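What follows is a set of notes on a single structure, which appears directly below.
Given the structure is predicted, the values throughout are model-derived calculations rather than measurements.
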Amino acid sequence: MSEPITETQRTYDAISTTYARVNSTIDPRLLEDIALLTARLPSGGMVADVGCGPGREVKLLRERGLRVIGFDLSLGQLRTGGMPGVAQADMRQLPLRSGAVDAVWCQAALLHIPRKAVPAVLGEFARTIRPGGQLYLNVTEGDGEGWETASNYGSNRRRWFTFHRLPDLTALLVTAGFKVHHTSQTRSSRTWLALHAHRLDTDE
């Protein structure tokens with residue numbers, strides 16, 4: 001199972017500079033999702049940006065008064081971004097104590113996890129988020145999973161993509177202990193699903 005993740009990591013190491021340049025533009029929809037998350041968090045809340053890449057959203061979230069630590073498996077991405085307060089980590093086993101954060105932000109990163117491992121990753125998110133805390137996910141809509149060449153970044157290296165449908169992903173989140181309270185769909189070169197959820201308290 002780890003082979004797709006390892007090769008995808010190496011691809012992101014190789015394309016890190018191009019990736020940071022191509023994704024420097026901020027989509028207004030992204031700012032809307034940040035605003036939705038921020039509105040549900042306490043001032044100075046702790047957020048883990050999981051799959052942070054070069055740190056674009058680490059910066060945006062910090063600008064809104066949140067304390068943010070960024071995690072990414074690609075050391076190349078982290079070095080290219082040069083952001084303080086980031087660390088190399090695998091989202092399947094985050095270096096955080098249970099209930100340590102008020103929210104997990106995961107933008108276009110879960111989509112690289114093979115489908116068999118997705119429930120475990122969502123369980124890991126639930127472990128690290130305090131009861132009542134928030135989760136933001138952004139994934140690609142569709143069916144199946146497999147390799148794609150990173151040609152949009154001028155590379156013939158491969159990345160693994162797992163596509164999701166809203167009902168199935170919602171069901172996985174419920175099983176992991178979350179309740180989805182907002183979803184949206186955006187179309188560009190792909191169709192993107194954004195989900196905002198919160199970790200259930202024991203009395204919910």
Exercise. Would you say the side-chain atoms of R115 pair up with the backbone N or O of H164, donor to acceptor, closer than 3.5 Å?
Worked result: no
Problem set entry | Side chains of F125 and F178 in contact at under 4.5 Å (non-hydrogen atoms) | yes
Exercise. Does a side-chain heavy-atom distance below 4.5 Å link H181 with H198?
Worked result: yes
For this session: Start with the C-alpha distance between R127 and E124, add both sets of side-chain angles, then the distance that settles side-chain contact (heavy atoms from CB on, under 4.5 Å), and finish with yes or no.
Result: CA-CA 5 Å; R127 182 189 68 78; E124 180 68 350; 2.9 Å; yes
Exercise. In this structure, which one of Y19, Y153, W160 forms a ring-ring contact (aromatic ring centres under 6.0 Å, His included) with Y12?
Worked result: Y19
Problem set entry | Contact summary for L37 and A103, nearest pair of heavy atoms | CD1-CB, 4.1 Å
For this session: For Q77 and R79, test the side chains for any donor-to-acceptor distance below 3.5 angstrom and give the result as yes or no.
Result: no
Exercise. Is there a donor-acceptor pair closer than 3.5 Å between any side-chain N or O of R56 and the backbone N or O of N23?
Worked result: yes
Exercise. Roughly how far apart are S151 OG and N156 CG, rounded to 0.5 Å?
Worked result: 9.5 Å
For this session: Spell out, yes or no, whether L135 and L166 are grouped together once hydrophobic residues are joined by side-chain heavy atoms under 4.5 Å, including indirect joins.
Result: yes
For this session: Calculate, to the nearest 0.5 Å, the distance between atoms CG and OG1 belonging to D143 and T162 respectively.
Result: 12.0 Å
For this session: Would you indicate whether the side-chain heavy atoms of V174 and L200 approach each other to under 4.5 Å?
Result: no
Problem set entry | From OG1 (T140) to CZ (R190), nearest 0.5 Å | 6.0 Å
Seminar exercise, completed: Taking every heavy atom of A20 against every heavy atom of P54, the minimum-distance pair comes out as CB-CG, 4.0 Å
Problem set entry | Any side-chain heavy-atom pair of D49 and F71 under 4.5 Å | no
For this session: Considering non-hydrogen atoms only, spot the tightest contact between E145 and P114 and give its length.
Result: OE1-CA, 3.5 Å
Problem set entry | Linked, directly or transitively: I113 and L111 (ILVMFWY side chains, under 4.5 Å) | no
Problem set entry | Audit row: L169, L193, side-chain contact (heavy atoms from CB on, under 4.5 Å) steps and yes/no | CA-CA 10 Å; L169 187 53; L193 292 174; 5.7 Å; no
Exercise. What pair of heavy atoms forms the shortest contact from V121 to M91, and how long is it?
Worked result: CG1-SD, 3.7 Å
Exercise. If Ile, Leu, Val, Met, Phe, Trp and Tyr residues are connected whenever their side-chain heavy atoms lie under 4.5 Å apart, and connections chain through other members, are I26 and V58 in the same group?
Worked result: yes
Exercise. Less than 4.5 Å apart, any side-chain heavy atom of L66 and any of L41?
Worked result: yes
Problem set entry | Transitive ILVMFWY side-chain link V118 to V180, under 4.5 Å | yes
Exercise. Do R40 and H196 get their side chains close enough for a donor-acceptor pair, meaning under 3.5 Å?
Worked result: no
For this session: Return yes if some donor-acceptor pair links the side-chain N/O of T38 with the main-chain N/O of I34 below 3.5 Å, else return no.
Result: yes
Problem set entry | Side chain to side chain, D102 and Q134, heavy atoms closer than 4.5 Å | no
Problem set entry | Distance-only side-chain donor-acceptor flag, E141 / Q185, under 3.5 Å | yes
For this session: Find the distance between CZ (R158) and OG1 (T8) and round it off to the nearest 0.5 Å.
Result: 8.5 Å
Problem set entry | R10 atom CZ, over 12 foreign heavy atoms within 6.0 Å | no
Exercise. Are side-chain N/O atoms of R29 and S184 paired as donor and acceptor at under 3.5 Å?
Worked result: yes
Exercise. Taking the side chain as C-beta and beyond, is there a heavy-atom pair between L137 and Q107 under 4.5 Å?
Worked result: no
Problem set entry | 4.5 Å side-chain heavy-atom contact, T149 and S155 | no
For this session: Walk me through it: do L195 and T170 pass the test side-chain contact (heavy atoms from CB on, under 4.5 Å)?
Result: CA-CA 9 Å; L195 297 87; T170 298; 4.1 Å; yes
Problem set entry | Side-chain (R64) to main-chain (L60) donor-acceptor, under 3.5 angstrom | yes
Exercise. When rounded to the nearest 0.5 angstrom, what is the spacing between CZ in R157 and CG in D13?
Worked result: 8.5 Å
Exercise. So, for P95 and A89, which heavy atoms are closest and what is the spacing to 0.1 Å?
Worked result: CD-CB, 3.6 Å
Exercise. Got a sec: does the CD of Q93 have more than 12 other heavy atoms crowding it under 6.0 Å?
Worked result: no
Problem set entry | Test item: Q88 side-chain N/O and L73 main-chain N/O as donor-acceptor pair under 3.5 Å | yes
Problem set entry | Atom pair CG (L31) and CD (E57), whose distance is rounded to the nearest 0.5 Å | 9.5 Å
Exercise. Any chain of hydrophobic side-chain contacts (each under 4.5 Å) joining L94 to I129?
Worked result: yes
For this session: For the pair V47 and V104, evaluate side-chain contact (heavy atoms from CB on, under 4.5 Å) and give the outcome as yes or no after the intermediate values.
Result: CA-CA 6 Å; V47 179; V104 164; over 6 Å; no
Exercise. Looking only at heavy atoms, what is the nearest atom pair of A150 and I15, with distance?
Worked result: CB-CD1, 4.5 Å
